[in-house]
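A quick write-up on the structure given underneath.
Each chain gets a letter, A, B and so on, in the order its sequence line appears, and its residues count up from 1. Below, all heavy atoms of this structure are taken into account, side chains as well, without hydrogens, waters or symmetry copies.
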Number of protein chains: 2
Amino acid sequence: MNKNKVISPFKPASHQHQKCLKSAIDAAKKHCELSGLRLTPIRQRVLELVWQNHEPVKAYDILDNLKKGKSSSAPPTVYRALDFLQDEGLVHKIESLNAYVGCNNPKELHNSQFFICDDCGAVAELDDVDIRELLQKKAHRFGFRIADEMVEIKGQCKECHESGV
Amino acid sequence: MNKNKVISPFKPASHQHQKCLKSAIDAAKKHCELSGLRLTPIRQRVLELVWQNHEPVKAYDILDNLKKGKSSSAPPTVYRALDFLQDEGLVHKIESLNAYVGCNNPKELHNSQFFICDDCGAVAELDDVDIRELLQKKAHRFGFRIADEMVEIKGQCKECHESGV
DNA sequence: AATGTAATGTTATAATATAACATTTATGGA
DNA sequence: TCCATAAATGTTATATTATAACATTACATT
Ligand SMILES: [Zn+2]
Ligand SMILES: [Zn+2]
Ligand SMILES: [Zn+2]
Ligand SMILES: [Zn+2]
C-alpha cells in the first residue's frame, strides 16, 4: 500500500491542454462549493491564467493578462487571489522561481515535490510519501519538527535531454 | 560507508560563536588561496556579516552593515560579493526566505538540505546522500536529469518546541 | 432596509535584485 | 618599471516582486 502520488506528470507535447484547464477549474469550483468558499470571477480568472500551461507563471504576467480584460487591476488584485488559491491548495508557489503553478489536487493540503525543467520550463509535481518519510526520519534524529517542506528539483526533463543532442 | 554529512547542526545557545566565525573565515581564506581566487576585503566583510549568527541574513541587512564602515556601498556591492561567495560554496541562498547563510564546507560544491526553525530562525545544513539518492531514484523513473536540488524544511528546532510549552 | 463581513479598488511604497557604464585596482608580461 | 589586460569596485538608474493602508463595493443575514 503505497500512497505516493504523481499529482502532475510531465505531459507529452501532444496533450490536450484544454482538458487540463477545464478539469482544474471544475475541481476548483467543486472544492470551493464543498468548503463554502467563493471562487469569485477574479479568483477564477487568476486560476485560469496560472493554468495557461504547465510552467510556473509570474505574478506580474498574470497581472498583465488581467489588465487586458479589466484595466483596473493592480498588484494586490493578483496577490490576493494567489493567496486565496494557495491557501486552498489550488496553486503552489515555486520559491526558487518566484512563480506559481496550478494544482488539481486541492482536496487535502499537501507538501509536494517539484521537478522543474530548466530548458522547457515544464513542472512535474509529486506527493511522495517515501520522500516525506525520509525527511521526517532525518529531522527526527535531531529533534526537528517539520511544519512545511519545500523540495524543488531543477534539471532536464526527458524530452529535453533526449532532443538536446 | 556512509557519506551523509551534517554540515552545520543546530547549535546549543551556549556555543562559542566567535570560533564558528573565525574557522569559517579561515576556511574561506584557505579555499580561495588553493583555488587562486581573491577573498577581497569586501568579500571577506560580506562573508563575516553572513556569519553573524546561524540565521539566514538578508542582502539589505548586509548592505546596511557595510555602509556603517564605508558609506559608498550600494546594492551591487553586496550582490556581487554574494554571487562570488555562492559560486565558491561559501554561502548558500535560502530561496524561501530570500536570505543567505554561510557554509564552512566549500571544498566541494554540494547540494544541501536545510532545516529552518520558524521560531528562532536557526538553520541546520545537511549534505545527506540518502536524500540525494532517493530524489535521484524518483527523478530517474520519469527520465528527469537532476542538475540542482533545493530542499528547505521549515518547522521547529528541538530547543524551541521543548521550551515552547 | 439595516447591519456586518468579505471582496475589491486604489494609491503608495517596501523589499529584492540587476543593468549599464565609469573608474580603480591588481596582475603578468614586455 | 611600464604597459596592457583583466578583475573588481563605484555609481546611477531601474527592474522585479510584494505589501501597507485605507476607501469602496458586493454579499449575506436579519
Ligand atoms: Zn495540460
Ligand atoms: Zn524540458
Ligand atoms: Zn556559531
Ligand atoms: Zn528554534
Side-chain angles (χ1 to χ4, degrees), chain A residues 28-29 31-33 35-50 55-88 90-101 121 150 152, chain B residues 28-29 31-33 35-50 55-88 90-101 121 150 152:
Chain A
K29 281 179 180 164
H31 169 81
C32 289
E33 214 161 307
S35 313
L37 298 165
R38 294 171 56 207
L39 189 65
T40 62
I42 288 177
R43 289 166 176 175
Q44 180 170 335
R45 186 75 189 114
V46 169
L47 184 57
E48 287 164 4
L49 290 168
V50 169
E55 302 172 27
V57 178
K58 300 248 152 194
Y60 276 73
D61 289 342
I62 294 171
L63 179 56
D64 290 342
N65 279 305
L66 274 187
K67 280 178 178 165
K68 288 177 190 167
K70 215 189 166 210
S71 65
S72 75
S73 305
T77 313
V78 171
Y79 283 104
R80 283 167 183 155
L82 286 174
D83 285 348
F84 170 85
L85 296 168
Q86 285 176 269
D87 286 346
E88 296 310 316
L90 295 163
V91 155
H92 298 293
K93 181 176 183 184
I94 306 294
E95 297 286 354
S96 58
L97 298 175
N98 295 319
Y100 304 82
V101 289
M150 202 204 78
E152 299 176 7
Chain B
K29 281 180 180 163
H31 169 81
C32 288
E33 216 161 307
S35 315
L37 297 165
R38 296 171 54 207
L39 189 65
T40 62
I42 289 175
R43 289 166 177 174
Q44 180 171 334
R45 186 75 189 113
V46 169
L47 185 58
E48 287 164 2
L49 290 168
V50 168
E55 302 172 27
V57 177
K58 300 249 152 194
Y60 275 74
D61 289 342
I62 295 171
L63 179 56
D64 289 343
N65 280 305
L66 275 187
K67 281 179 177 164
K68 288 177 190 166
K70 216 190 164 209
S71 66
S72 76
S73 305
T77 312
V78 171
Y79 284 105
R80 283 168 183 156
L82 287 173
D83 284 348
F84 170 85
L85 296 168
Q86 285 177 269
D87 287 347
E88 297 310 316
L90 295 163
V91 155
H92 299 293
K93 180 176 184 185
I94 306 294
E95 297 286 351
S96 58
L97 298 175
N98 295 321
Y100 304 83
V101 287
M150 250 144 304
E152 299 175 6

| Atom CZ of A:R45 and atom P of C:dG9: how far apart are they, to the nearest Å? | 14 Å

| said: I want to check one thing: is the phosphate of C:dA14, taken as OP1 and OP2, less than 4.0 Å away from some side-chain N or O of B:K58? | reply: no

| Distance below 4.0 Å between B:S73 side-chain N/O and D:dG10 OP1 or OP2 | no

| field | Nucleotide of D:dA18, C:dT16, D:dC27 approaching B:Y79 most closely (side-chain heavy atoms) | value | C:dT16

| query | Would you say C:dA7 has OP1 or OP2 under 4.0 Å from some side-chain N or O of A:R80? | reply | no

| note | For B:S96 and A:E95, the nearest pair of non-hydrogen atoms, with its separation, is CA-OE1, 3.8 Å

| task | Establish, with yes or no, whether the OP1 or OP2 oxygen of C:dG9 is under 4.0 angstrom from a side-chain nitrogen or oxygen of A:K67. | result | no

| query | For D:dA18, does either OP1 or OP2 sit under 4.0 Å from a side-chain N or O belonging to A:N98? | reply | yes

| request: List the atom of A:G121, the atom of A:P56, and the distance in Å for their closest heavy-atom pair. | output: O-CD, 3.3 Å

| remark: To the nearest angstrom, the CZ-P distance between B:R38 and D:dA7 comes to 10 Å

| Between D:dA8, C:dA6, C:dG9, which one does the side chain of A:T77 approach most closely? | C:dG9

| said: Which heavy atom of A:L47 sits nearest to which heavy atom of A:A28, and what is that distance? | reply: CD2-CB, 3.4 Å

| task | Could you state the atom-to-atom distance from CD of B:E95 to P of D:dA18 in whole Å? | result | 12 Å

| said: Under 4.0 Å from OP1 or OP2 of D:dG10: is there any side-chain N or O of B:S72 that close? | reply: yes

| task | Could you tell me the separation between the CG atom of B:L82 and the C1' atom of D:dT9, rounded to a whole number of Å? | result | 15 Å

| task | Using a heavy-atom cut-off of under 4.0 Å over every strand shown, decide if B:F84 touches base, sugar-phosphate, or nothing. | result | nothing

| Integer-rounded Å distance: C:dT10 C1' and A:L63 CG | 13 Å

| Where is the tightest heavy-atom contact between A:A59 and A:V78, given as atom of each residue plus distance? | O-CG1, 3.7 Å

| remark: Here the distance between atom P of C:dA14 and atom CG of B:D61, to the nearest Å, is 16 Å

| request: Could you pick out which residue, A:A81 or A:A74, lies toward the 5' side of DNA chain C when each is mapped onto its nearest nucleotide? | output: A:A81

| query | If you take atom types as modelled and just measure distance, does the side chain of A:Y60 reach the base of D:dA18 with a donor-acceptor pair under 3.5 Å? | reply | yes

| request: Starting at atom CD1 of A:I94, determine the distance to atom P of D:dT16, rounded to an integer number of angstrom. | output: 21 Å

| field | Comparing B:P41 and B:P75 on DNA chain D - which has the more 5′ nearest nucleotide | value | B:P41

| Over all atoms of both residues, closest heavy-atom pair of A:K58 and A:L97 | NZ-O, 2.8 Å

| task | Give the rounded distance in Å between these two atoms: CG of B:D64 and C1' of C:dA15. | result | 12 Å

| Per A:I42 side chain, nearest of listed nucleotides D:dA8, C:dG9, D:dA18 | C:dG9

| Side chain proximity check, A:K93 to A:N98, heavy atoms < 4.5 angstrom | yes

| request: With the side chain of B:P76 defined as its heavy atoms from C-beta on, choose the nearest nucleotide among C:dT8, D:dA20, C:dT18. | output: C:dT18

